[in-house]
Amino acid sequence: MAHLRGRTLLFPLAAATVLVASTIFLFAAAGARWRPADTGLPVPPAVFSAAAVPVTAAESSSNATAAARKELSFHDENGHPDDPASGSDSGAAARCDPRAAAVRFFMYDLPPEFHFGLLGWSPPSPDSVWPDLTNDAAPPPRYPGGLNQQHSVEYWLTLDLLSSSSPPCSAAVRVADSRDADLNFVPFFASLSYNRHSRPVPPEKVARDKALQEKLVRYLTARPEWKRYGGADHVIVAHHPNSLLHARAALSPAVLVLSDFGRYQPRVARLEKDVIAPYKHMAKTFVNDSAGFDDRPTLLYFRGAIYRKEDHGASKASQGMHSSKFCLNIAGDTPSSNRLFDAIVSHCVPVIISDDIELPYEDVLDYSKFSIFVRSSDAVKKGYVMKLISGVSKEQWTSMWNRLKEVDKHFEYQYPSQKADAVQMIWQALARRVPAIHLKVHRSSRFSRSDRGK
């Protein structure tokens with residue numbers, strides 16, 4: 001009986017196999033171009049772009065060349081869709097090729113109240129959303145000074161995307177169609193919104209920051225771009241530890257650009273999904289630094305947040321760091337601190353005491369080459385830290401100092417962005433997240449056709 005039962009099970013399986021094989025044969029015989037089940041997913045551009053496909057001499061006819069060189073549409077500096085293939089040859093040469101970018105973004109045209117309107121900028125016309133970055137006589141709206149700047153990541157990334165269609169070409173480029181994009185960028189200045197509008201101003205009953213977050217959630221979750229993958233391919237910058245507080249749970253599927261995970265639940269933010277970005281440093285970068293071991297009289301420097309916030313606090317901190325061999329970076333109310341990045345651009349070897357700290361670009365940057373890490377349990381031992389750094393030889397310190405001078409460019413925010421600066425390093429970090437995002441959404445779509453057939 002067991003033998004007959006086994007044969008009974010095999011007959012349907014064999015029949016199904018023949019049916020599938022016949023179907024595949026019919027597609028091949030008809031010359032159909034087979035594709036995976038229609039999940040709505042774009043073909044990964046890094047694999048199938050014209051730049052990645054070698055072209056033989058036999059394929060160099062005019063039609064093949066035109067197909068191979070078909071360019072994606074992108075947005076110009078004013079946010080208008082622009083097709084580079086439609087312009088003259090000279091015009092096309094002055095444009096950045098989206099296929100050559102490390103990552104392609106679709107950026108939502110959110111109303112100004114979410115971004116530059118928070119800086120006091122008003123659009124010149126009702127249908128205008130973005131500042132005109134092509135007008136050299138009118139620089140982009142300025143971000144507020146002081147300690148507000150340390151969480152200004154959203155501002156620099158948005159500016160870079162707005163100008164990404166023209167040289168100098170960035171690691172990221174803005175495309176006009178979300179189906180051509182690797183990721184979708186949400187230009188909400190969440191940190192600035194928190195810093196300026198987290199408390200209601202009478203007669204307001206709800207703080208403007210909270211109202212904007214609630215409006216953003218309603219807008220995004222209703223969009224087809226969000227619904228396509230449940231927001232997994234979206235990027236939202238929330239660098240201030242308290243920013244996006246009211247929208248975190250609803251927008252948690254997105255890739256978050258953060259300063260650390262100290263005030264986030266693991267289900268909302270985690271290293272496998274999100275990206276850590278550096279603070280914008282407040283200390284002056286030590287340009288043409290020749291102040292070596294013997295030229296820095298202070299062994300270990302530390303200046304707390306209270307003193308850094310006072311008048312000329314940042315300037316005094318710069319002077320102290322520039323004349324010190326080591327700079328103490330300890331965890332405060334969050335695992336990270338701007339002091340670390342001030343130390344790096346001051347070429348003062350960081351002494352990091354923060355067990356839970358996550359560092360920017362650590363998958364490609366070895367911080368142990370220019371920093372000293374101390375466990376919190378060791379740091380509380382009497383004399384431990386001083387004995388540790390006193391034991392660092394001149395040669396060892398000089399090696400770390402030289403490495404600091406090589407890597408400080410990775411922590412500079414600027415517009416226009418430059419090769420390997422903070423903006424470009426963040427784009428590269430996000431580009432490295434794309435394969436994992438594709439894997440996740442592909443796996444979740446395995447049975448989408450079967451489910452539709454129920």
Side-chain angles (χ1 to χ4, degrees), residues 102 149-150 152-153 156 160 168 170-171 259 275-303 308 313-330 336-354 357-374 385-386 388-429:
Q149 292 189 31
Q150 63 183 339
S152 58
V153 181
W156 303 104
D160 197 63
S170 171
S259 57
V275 167
I276 298 297
Y279 291 64
K280 187 181 188 303
H281 61 83
M282 304 304 297
K284 293 182 180 179
T285 303
F286 202 156
V287 181
N288 299 322
D289 177 13
S290 61
F293 189 85
D294 297 324
D295 301 311
R296 294 175 177 250
T298 303
L299 178 63
L300 180 63
Y301 181 84
F302 175 76
R303 190 176 184 87
R308 289 161 61 86
S315 177
K316 292 177 181 177
S318 292
Q319 295 173 13
M321 290 181 169
H322 288 186
S323 60
S324 301
K325 296 178 177 67
F326 299 94
C327 287
L328 188 62
N329 181 76
I330 58 176
S336 66
S337 166
N338 196 31
R339 283 185 294 268
L340 170 62
F341 308 103
D342 283 351
I344 289 173
V345 300
S346 300
H347 309 150
C348 179
V349 175
V351 178
I352 301 173
I353 307 174
S354 181
I357 194 171
E358 298 294 349
L359 299 165
Y361 350 117
E362 198 171 9
D363 55 336
V364 296
L365 195 61
D366 186 355
Y367 281 75
S368 68
K369 299 295 185 182
F370 54 85
S371 306
I372 294 176
F373 291 85
V374 182
V385 173
M386 295 304 294
L388 178 67
I389 62 175
S390 297
V392 176
S393 68
K394 179 177 180 178
E395 291 72 22
Q396 291 171 327
W397 183 90
T398 302
S399 176
M400 290 188 282
W401 175 65
N402 284 327
R403 185 61 179 144
L404 283 168
K405 292 191 289 183
E406 293 172 351
V407 304
D408 63 357
K409 61 186 176 184
H410 302 322
F411 303 93
E412 298 287 353
Y413 288 98
Q414 54 198 331
Y415 175 77
S417 65
Q418 302 295 323
K419 182 179 179 180
D421 68 2
V423 171
Q424 300 300 317
M425 292 292 284
I426 293 171
W427 292 143
Q428 295 285 356

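For this chain, numbers begin at 1 and follow the sequence in order.
Distance alone, capped at 3.5 Å, is enough to place a donor-acceptor pair between the S323 side chain and the G320 backbone. At distances below 3.5 Å, at least one donor-acceptor pair connects side-chain atoms of K325 with backbone N or O atoms of F293. At least one donor-acceptor pair closer than 3.5 Å links the side chain of N402 to the backbone N or O of T398. A donor-acceptor contact shorter than 3.5 Å links the side chain of D295 to the backbone of G292.
Every residue two or more places apart in sequence or in another chain that forms a ring pair (Phe, Tyr, Trp, His ring centres under 6.0 Å) with Y361 is listed here: F411. Applying the side chain to side chain contact (heavy atoms under 4.5 Å, CB included) criterion to Q428, with sequence neighbours excluded, gives A102, A171, R432. A search for salt bridge (Lys or Arg N to Asp or Glu O under 4.0 Å) contacts involving K394 returns D294, not counting sequence neighbours. By the ring pair (Phe, Tyr, Trp, His ring centres under 6.0 Å) test, H322 is found to be paired with F286, residues two or more places apart in sequence or in another chain being considered. Applying the ring pair (Phe, Tyr, Trp, His ring centres under 6.0 Å) criterion to F373, with sequence neighbours excluded, gives no partner residue.
Across every non-hydrogen atom of S324 and C348, the tightest pair is O-SG, 3.5 Å. Nearest heavy-atom pair across S390 and L299 is OG-CD2, 3.8 Å.
A heavy-atom distance below 4.5 Å is not found between the side chains of S337 and Y279.
Surrounding NZ of K409 are at most 12 heavy atoms belonging to other residues, nucleotides or ligands under 6.0 Å away.
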Would W427 and D160 count as a side chain to side chain contact (heavy atoms under 4.5 Å, CB included) here? Give the steps. CA-CA 10 Å; W427 292 143; D160 197 63; 2.7 Å; yes
Side chain to side chain contact (heavy atoms under 4.5 Å, CB included) between V407 and K369: does it pass, once the steps are laid out? CA-CA 10 Å; V407 304; K369 299 295 185 182; over 6 Å; no
Between F370 and L365, does a side chain to side chain contact (heavy atoms under 4.5 Å, CB included) hold up when you go through it step by step? CA-CA 10 Å; F370 54 85; L365 195 61; 4.2 Å; yes
For E412 and H281, what are the C-alpha separation, side-chain angles and deciding distance, and is it a side chain to side chain contact (heavy atoms under 4.5 Å, CB included)? CA-CA 8 Å; E412 298 287 353; H281 61 83; 2.9 Å; yes
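Taking CD1 of I330 as the start and CG of L340 as the end, the distance is 12.5 Å to the nearest 0.5 Å. Separating the CZ atom in R303 from the CZ atom in R339 is a distance of 11.5 Å, to the nearest 0.5 Å. The structure places CD1 of I389 at 7.0 Å from CD1 of I372, a figure rounded to the nearest 0.5 Å. In this structure, S417 OG and M425 CE are separated by 13.0 Å, a value rounded to the nearest 0.5 Å.
Ring planes of W397 and W401: parallel class, angle under 30° (limits at 30 and 60°).
Counting only residues at least two apart or on different chains, the salt bridge (charged side-chain N to carboxylate O under 4.0 Å, His left out) pairs with a member in residues 278-289 are D289-R296.
No side-chain donor from either of H410 and Q424 sits under 3.5 Å from a side-chain acceptor of the other.
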